[in-house]
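Every value quoted in this text rests on a predicted model; they were computed, and no experiment measured them. Just so it is clear: chains get the letters A, B, ... in the order the sequence lines come, proteins before strands, and each one is counted from 1.
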2 protein chains.
Amino acid sequence: MSAANTGVPSPLDTALPSPVPSEEHERCPVAGVLRRIGDKWTVLVIVLLGQRPHRFNELHRGIEGISQRMLTRTLRGLEEDGLVNREVFATVPPSVRYSLTPLGRSLLSPLSALATWAVENQSAIAASRRAGSVRAGG
Amino acid sequence: MSAANTGVPSPLDTALPSPVPSEEHERCPVAGVLRRIGDKWTVLVIVLLGQRPHRFNELHRGIEGISQRMLTRTLRGLEEDGLVNREVFATVPPSVRYSLTPLGRSLLSPLSALATWAVENQSAIAASRRAGSVRAGG
DNA sequence: CTGTATCCAACCAGATACTG
DNA sequence: CAGTATCTGGTTGGATACAG
């Protein structure tokens, strides 16, 4: 009962100003962000980098299950959006340090809010999912 | 500068307790939520239902671009997770009313936080993306 | 009005092999 | 250590036709 129809304007309302066609997801910044961080690995990388900078193989080992290819793609995507910084050191062997940019760090707060919600309600969701029939009477 | 390594434990930390294999995304509730609402339409539906209950075709017209199939799938998924309530009225013609459950409404707050971030930073992201080269020197 | 069924294209993601 | 290239399977999403 916080962001519902209490009369207060919500930033969520920017999602649907009107049923205008839209050429992109310009109509809904939230949807854009969700699509960006809603893939399989991105949020894991962000969280890990939110703790401290990591090297490539540190991330690779830390995430467990991600392939080199997907880690690279994920990092490139984050870098392109200015959320992650990439520093190459010409050492032997070479090393690359990934860290969150200020923009990336600023995402941690809203992400944390979502994490809190997820932790508190995951059991409710799981229970509802197990109920299966999706019907009231049960 | 809020959920970073300031010493305070963050709910985001539940994402990576340790590099344990994990059979599912139990290891990271956030990732699970993001995957759920990170698809193309879910957040749009949630936002719309956050304003008020809607009928099927109201949503269909309101979202503009979604197909019947995807709207149904999206609603079914949300219903199965207990985020959306579905009420069938045996009128002529038949009508169905969709609304957010308390659980669904509780998601609006963290979603709103993310929306605020998205609105404030979408231009920065777009700029960084246009920069293209992804290099510091620029 | 509110869906379901089928078919199909595009993208995502994993395995593997190879490179500097 | 830090990637890239290629191939392939699975999933997502859209068009269309059909049904209660």
message = Evaluate A:V84 against A:I46 for side-chain contact (heavy atoms from CB on, under 4.5 Å), listing each step before the verdict.
response = CA-CA 8 Å; A:V84 158; A:I46 290 175; 5.7 Å; no

query = Minimum heavy-atom separation for B:D39 to A:R35, with atom names?
reply = C-NH1, 3.3 Å

Min side-chain heavy-atom separation A:H60-A:N57 under 4.5 Å = yes

Residue whose closest nucleotide on DNA chain D lies nearer the 5' end, A:R97 versus A:R69 = A:R97

note = Outermost contacting nts on DNA chain C, any atom under 4.0 Å from chain A heavy atoms, listed 5' then 3', are C:dA13 to C:dG20

query = Between B:T101 and B:N85, which heavy-atom pair has the shortest distance, and what is it?
reply = CG2-N, 3.7 Å

task = Return the 5'-most residue of the pair A:K40, B:P93 with respect to DNA chain C, ranking by each residue's nearest nucleotide.
result = B:P93

query = So what does B:S67 hit on the nucleic acid, given a heavy-atom distance under 4.0 Å: a base, only sugar-phosphate, or nothing?
reply = nothing

ask   = With respect to A:L44, which candidate in A:L59, A:I66, A:T74, A:I63 satisfies the side chain to side chain contact (heavy atoms under 4.5 Å, CB included) definition?
value = A:I63

ask   = How is A:F89 classified with respect to the nucleic acid when contacts are heavy atoms under 4.0 Å: base, sugar-phosphate, or nothing?
value = nothing

note = Note: chain B reaches DNA chain D at heavy-atom distances under 4.0 Å over the stretch, first to last nt, 5' to 3', of D:dG13 to D:dG20

message = I want to check something: taking the side chain as every heavy atom from C-beta on, are B:L100 and B:L107 in contact at a cut-off of under 4.5 Å?
response = no

request  = Let me know, please, whether B:V96 or A:Q68 comes out on the 5' side of the other along DNA chain C by nearest nucleotide.
outcome  = B:V96

task = Could you walk me through whether A:R73 and A:W41 pass the side-chain contact (heavy atoms from CB on, under 4.5 Å) test, one step at a time?
result = CA-CA 10 Å; A:R73 284 172 64 101; A:W41 304 111; over 6 Å; no

query = Which residue, A:R55, A:E87, A:E58, A:R86, forms the side-chain hydrogen bond (donor to acceptor under 3.5 Å, both in side chains) with A:Y98?
reply = A:R86

